[in-house]
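Here is how names work: the chains are called A, B, and so on, in the same order as the sequence lines, proteins then strands, and each is numbered from 1.
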Amino acid sequence: MSIVTVQLGQCGNQIGREVFNTICSDARGAHGLCSKKENESYHDTCKERFFFEEESEVPVARAVLVDMEPKVIGQTLSMAARSGCWKYDGHSHFCQKQGSGNNWANGYSVHGPRHKEAIMNLVQKEAEKCDRLSGFFTIMSMAGGTGSGLGAFVTQCLRDAFPTSFILNHVIWPYGTGEVIVQNYNSVLTLSHLYQSSDALLVHENDVIHKICAQLMNIKQISFRDVNQVIAHQLGSVFQPTYAGEGGLLYSRNPLGDLMETLVPHPEFKMLGLRNIPQMPENSLAYSTFTWPGLIKHLRQMLIANAKMEEGIDWQVRPPRLGSSIPSGCSTNKPLHFNTSIANLVILRGKDVHSVDLGSFWDPSLYTSWLNPQDAFHAWKTPRAFNKYEKSASLVSNSQFLLKPLDNVVGKAWNMFASKAYIHQYTKYGIEEEDFLDSFTALEQVISSYTIL
Amino acid sequence: MKGIYDEALSSFFRNIDTRSGGDGPDIYKGKICSLKARALLIDMEEGVVNEILQGPLRDVFDSKQLITDVSGSGNNWAVGHKVYGCQYRDDIVEKLRKNAEHCDCLQCFFIIHSMGGGTGSGLGTFVLNLLEDEFPEVYRFVTSVYPSGEDDVITSPYNSVLAMKELNEHADCVLPIENESLFDIVNKIHQMINSGKLGSTVKQNSLVTSSAGSAKSVQEKPFDAMNNIVANLLLNLTSSARFEGSLNMDLNEISMNLVPFPRLHYLVSSLTPLYTLADVNVPSRRLDQMFSDAFSRDHQLIQADPKHSLYLACALLVRGNVQVSDLRRNIERLKPSLHFVSWNQEGWKTGLCSVPPVGHSHSLLALANNTCVKPTFIELKDRFMKLYKKKAHLHHYLHVDGMEQSCFSEAMSSLSDLIEEYNELDATKGGPRTDPSRLKIAV
């Protein structure tokens with residue numbers, strides 16, 4: 001089954017290109033460390049999932065590129081073509097000249113309706129090129145105007161036009177110290193709207209990835225390209241082919257469907273965080289060895305202690321004791337800083353995956369009480385190594401990972417809203433104070449739900 | 001050898017095919033044939049425009065882009081706004097429309113004028129009104145040269161305050177400029193050059209370093225060098241719209257992020273490094289020093305003190321080989337010494353454009369919405385009141401058809417209201433920070 005990627009705005013397009021790059025170079029790579037048959041199977045599944053194969057030509061990414069100004073799409077298309085390994089369909093893009101001015105209302109209320117037909121036509125074309133459509137993967141930032149506002153509108157259109165397909169929104173959380181002054185407004189409006197039409201929101205925080213670049217990748221002058229490459233690696237580690245169950249003979253066919261089924265048991269909880277280890281500069285890989293027990297131990301502690309990366313994990317945090325007479329749903333006896341999960345998915349790639357003991361992830365104390373650990377935890381594996389890492393472990397988690405960032409963004413947006421600053425810029429395009437209030441209410445609800453886990 | 005006409009050039013110029021006579025069709029891609037500025041030159045005297053038409057830019061403007069008269073406005077806002085406004089309205093609209101038709105996508109008007117005289121101030125603000133009426137969707141950025149205290153035009157306070165009302169009501173963004181600051185900057189460049197430190201290499205006889213506008217000739221033609229600084233401001237402001245980068249910042253984004261309330265749209269600009277196009281060989285600074293310089297008063301285009309006032313918002317547009325980590329490191333470093341309003345503690349808007357200005361490896365433009373403009377406006381108000389109380393020169397204005405005493409009192413009140421808005425914000429500075437309580441949700 002295939003996934004159609006919709007790249008929205010500057011961020012969405014810049015990241016999208018890195019994702020296809022990573023996936024393509026991983027699939028073609030000779031570092032699979034597995035049998036030839038395995039490698040071929042992986043390669044074929046990956047191809048079907050992300051690319052459309054044309055005879056004697058390089059594979060064409062299953063993607064629609066959308067932006068309200070032309071420069072980024074222009075660059076994205078040409079950089080892909082220059083790679084020589086893959087490219088975008090030359091017609092599968094839509095752009096305008098004006099940009100959205102970092103204005104969510106402009107993206108949502110003006111550009112959205114105005115360009116709906118053109119954009120959805122492109123999406124329809126890509127969908128029809130798929131033998132079987134698993135669903136849509138949209139990439140956008142929350143901070144700007146196009147990715148956020150037009151992105152929210154397009155997501156709604158996707159839901160309306162494809163009611164039975166899955167929609168996963170990849171959302172970039174901006175740096176805390178602004179890239180855009182009105183980013184908190186744009187974020188609040190985006191998240192509240194996406195929550196209504198999307199199946200799940202997979203989040204990457206710029207601040208976190210930036211730290212990974214600085215402390216784990218040892219990059220001195222970190223550029224957006226560096227950040228995007230780490231994000232692409234992490235996404236690739238989730239979306240490249242895997243086997244769903246033990247003893248599976250075929251690679252999973254429906255990655256998005258499987259993801260939703262395992263991680264989103266309840267529509268109130270759609271915020272997914274992602275962790276991937278190990279992460280290091282490419283030239284250090286040859287000198288490093290990893291053991292699965294070591295990786296699993298770290299990943300589990302990162303989950304429990306809400307560590308954003310493999311350095312600085314707080315080993316003091318422990319899961320709460322079960323078996324005490326506390327009524328379910330009461331959160332007061334959970335130790336501070338303990339990250340409660342609804343559901344977790346661990347993805348393992350590399351040598352000897354089948355020997356890995358994941359028992360520690362089935363510990364019921366990790367999870368909220370209303371789900372059985374058997375239903376709350378899943379593991380996907382493949383012996384085929386990913387992106388030159390001999391062993392790679394990822395965690396996609398529906399837990400309190402994003403509670404604090406969400407609370408921060410809502411808090412800052414509320415603070416600004418109380419002074420009514422910048423509101424005139426939104427009302428100009430038809431987003432009124434009541435719309436803001438609706439969004440705030442919706443997100444406070446989400447915050448509350450995640451808090452009382 | 002002619003260059004290529006590309007998107008970047010197309011933002012400011014048309015490319016005309018002159019082979020088929022004077023006014024051929026536009027060429028959208030390919031070699032440069034003949035560039036024509038997307039501009040309208042308006043003056044009620046002929047001297048300045050004639051000089052331009054005889055200079056190196058004569059081919060860039062043609063007669064369809066000019067609106068001139070002979071007698072000037074006599075440093076009288078009312079003559080510029082009411083008399084010439086009325087007289088030339090249709091001509092201006094027609095020429096604007098023609099220019100607009102040649103644009104694929106018209107995003108912004110730049111209005112460049114001075115506040116203290118009659119034409120720039122009066123007719124200029126008339127045109128501003130016109131632009132809002134005829135092209136309501138298109139942004140209006142105004143670069144206004146404000147008169148200094150020792151201005152030799154006696155009526156400049158009247159002209160400026162009358163113009164301010166129009167700027168308050170009809171401009172999206174105003175970049176105030178003061179000649180004093182420009183003069184200081186040019187002198188500073190002069191000193192840097194004379195101190196013998198050489199910077200990056202630009203050929204001495206290239207088009208860029210032609211002798212016009214050189215700081216060396218600062219005594220003979222100070223305005224050329226000073227105006228060059230303003231030109232750099234506009235270049236840097238539009239760089240991200242013209243060239244690629246990892247974090248684009250368009251003009252509409254500047255307006256969106258820097259204007260929290262409609263009338264508070266006056267932005268203090270500062271540029272680094274300082275150079276005029278003729279003197280690009282000024283020494284280049286270390287990257288971090290460049291950020292510090294942008295927050296130094298020496299680099300501002302108006303006399304004001306943002307560090308001791310309140311920031312409502314701040315934008316940094318960086319050009320050249322600068323990455324996001326450089327940007328963040330410097331924001332973290334500079335933040336503690338700046339006061340931001342309580343509801344915008346992280347009020348930074350940033351842009352990264354890959355292409356640096358000619359002859360430099362990087363540059364930075366900072367735009368601040370800061371209450372430090374208040375003293376400038378208060379001074380203007382005081383100078384206005386000094387004249388108005390005595391009714392000095394008032395009759396020159398009231399003689400003009402359509403001009404009444406109420407025009408003055410309304411302009412005055414508009415300015416007072418603006419000052420009051422800044423006062424209210426200043427009052428919040430340094431006060432206790434109590435965040436509003438959040439919405440409570442029923443569980």
Side-chain angles (χ1 to χ4, degrees), chain A residues 10-11 14 69-72 74-75 96-103 106 144-145 175-184 206 210 213-214 219-228 407 410-412 414-425 437 440-441 443-445 447-449 452, chain B residues 7 103-107 137 139 240-262 264 287 312-315 321-328 331-332 335 341-352 428 435-443:
Chain A
Q10 173 164 28
C11 176
Q14 285 175 184
E69 64 116 333
K71 299 194 297 289
V72 181
Q75 256 188 306
Q96 293 290 281
K97 300 251 181 183
Q98 284 265 30
S100 300
N102 287 168
N103 191 322
N106 194 10
Y175 287 102
T177 333
E179 300 163 23
V180 169
I181 292 174
V182 291
Q183 62 187 39
N184 298 311
N206 272 350
H210 193 104
C213 286
I219 302 173
K220 293 280 173 288
Q221 198 190 20
I222 299 165
S223 65
F224 271 112
R225 184 123 196 244
D226 296 318
V227 170
N228 293 345
D407 192 59
V410 171
K412 288 188 211 167
W414 185 248
N415 195 14
M416 191 179 267
F417 184 68
S419 71
K420 299 287 173 277
Y422 299 101
I423 299 298
H424 73 284
Q425 305 271 16
L437 283 171
F440 279 115
T441 309
L443 292 183
E444 293 286 8
Q445 180 66 61
I447 290 171
S448 167
S449 304
I452 61 172
Chain B
E7 286 272 348
C103 300
D104 250 343
C105 178
L106 178 56
Q107 186 181 53
E137 308 284 311
Y139 285 91
S240 193
R242 293 178 289 127
F243 301 115
E244 39 115 79
S246 62
L247 191 58
N248 295 340
M249 178 150 87
D250 221 332
L251 292 165
N252 48 9
E253 293 172 22
I254 291 173
S255 170
M256 172 69 176
N257 285 283
L258 293 178
V259 184
F261 299 101
L264 301 181
L287 190 56
L312 305 182
C314 188
N321 184 19
V322 184
Q323 302 302 342
V324 63
S325 53
D326 300 312
L327 203 49
R328 302 191 65 234
I331 291 177
E332 290 304 309
K335 225 169 45 155
V341 72
S342 67
W343 41 259
N344 208 0
Q345 290 282 297
E346 284 113 8
W348 297 87
K349 162 71 180 157
T350 56
L352 292 167
T428 67
D435 290 340
S437 31
R438 298 264 291 270
L439 285 177
K440 295 255 182 302
I441 302 293
V443 170

Test side chain to side chain donor-acceptor pair (under 3.5 Å) applied to Q14(A) and S246(B), step by step: CA-CA 8 Å; Q14(A) 285 175 184; S246(B) 62; 5.9 Å; no

What pair of heavy atoms forms the shortest contact from N102(A) to M256(B), and how long is it? O-CE, 3.8 Å

Using the side-chain contact (heavy atoms from CB on, under 4.5 Å) rule, take L327(B) and E179(A) through it: C-alpha gap first, then chi angles, then the decisive distance, then the call. CA-CA 10 Å; L327(B) 203 49; E179(A) 300 163 23; over 6 Å; no

Pair count under 4.5 Å, heavy atoms only, with chain A: among N252(B), L106(B), D104(B), highest is N252(B)

Looking only at A418(A), G411(A), S419(A), most heavy-atom pairs under 4.5 Å shared with chain B are made by S419(A)

Please lay out, stage by stage, how W414(A) and D435(B) fare under the test side-chain contact (heavy atoms from CB on, under 4.5 Å). CA-CA 9 Å; W414(A) 185 248; D435(B) 290 340; over 6 Å; no

Go through E7(B), E244(B), Q323(B) and name the one with the most non-hydrogen pairs under 4.5 angstrom from chain A. Q323(B)

Check each atom of F417(A) against the heavy atoms of chain B and say whether the ones under 4.5 Å are side chain, backbone, both or neither. neither

Proximal component of S449(A), with respect to chain B [non-hydrogen, under 4.5 Å]: neither

Between Y139(B), W348(B), F243(B), who has the most heavy-atom pairs with chain A when the cutoff is under 4.5 Å? W348(B)

Donor-acceptor contact present, side-chain Q10(A) to main-chain N248(B), <3.5 Å: yes

One option among Q107(B), M249(B), K440(B), R438(B) has the most heavy-atom pairs under 4.5 Å with chain A, and it is R438(B)

Are the side chain of Q425(A) and the backbone N or O of N257(B) linked by a donor-acceptor pair below 3.5 Å? no

Ranking E69(A), K220(A), M416(A) by heavy-atom pairs under 4.5 Å to chain B gives rank one to M416(A)

Taking Y175(A)'s backbone N and O only, do any of them form a donor-acceptor pair with E346(B)'s side chain (distance below 3.5 Å, no angle check)? no

Counting heavy-atom pairs under 4.5 Å to chain B, which of K97(A), R225(A), Q98(A), Q96(A) comes out on top? Q98(A)

For chain B, the option from N106(A), V72(A), N184(A), I222(A) that forms the most heavy-atom pairs under 4.5 Å: I222(A)

Test side chain to side chain donor-acceptor pair (under 3.5 Å) applied to Q183(A) - qualifying residues, sequence neighbours left out: none

Is I447(A) close to chain B through its backbone or its side chain, or both, or neither, when contacts mean heavy atoms under 4.5 Å? side chain

Tell me, out of I331(B), V259(B), V341(B), who's got the most heavy-atom pairs with chain A below 4.5 Å. V259(B)

Do N344(B) side-chain atoms and I181(A) backbone N/O form a donor-acceptor pair below 3.5 Å? no

Part of Q75(A) within contact of chain B (heavy atom distance under 4.5 Å): side chain

Without swapping roles, check the side chain of K412(A) against the backbone of Q345(B) for a donor-acceptor pair under 3.5 Å. no

For E253(B), side chain to side chain donor-acceptor pair (under 3.5 Å) partners two or more places apart: K349(B)

Below 4.0 angstrom, N of the basic side chain to O of the carboxylate: do D250(B) and K71(A) qualify? no

Does E332(B) have more than 12 heavy atoms from other residues, nucleotides or ligands lying within 6.0 Å of its CD? yes

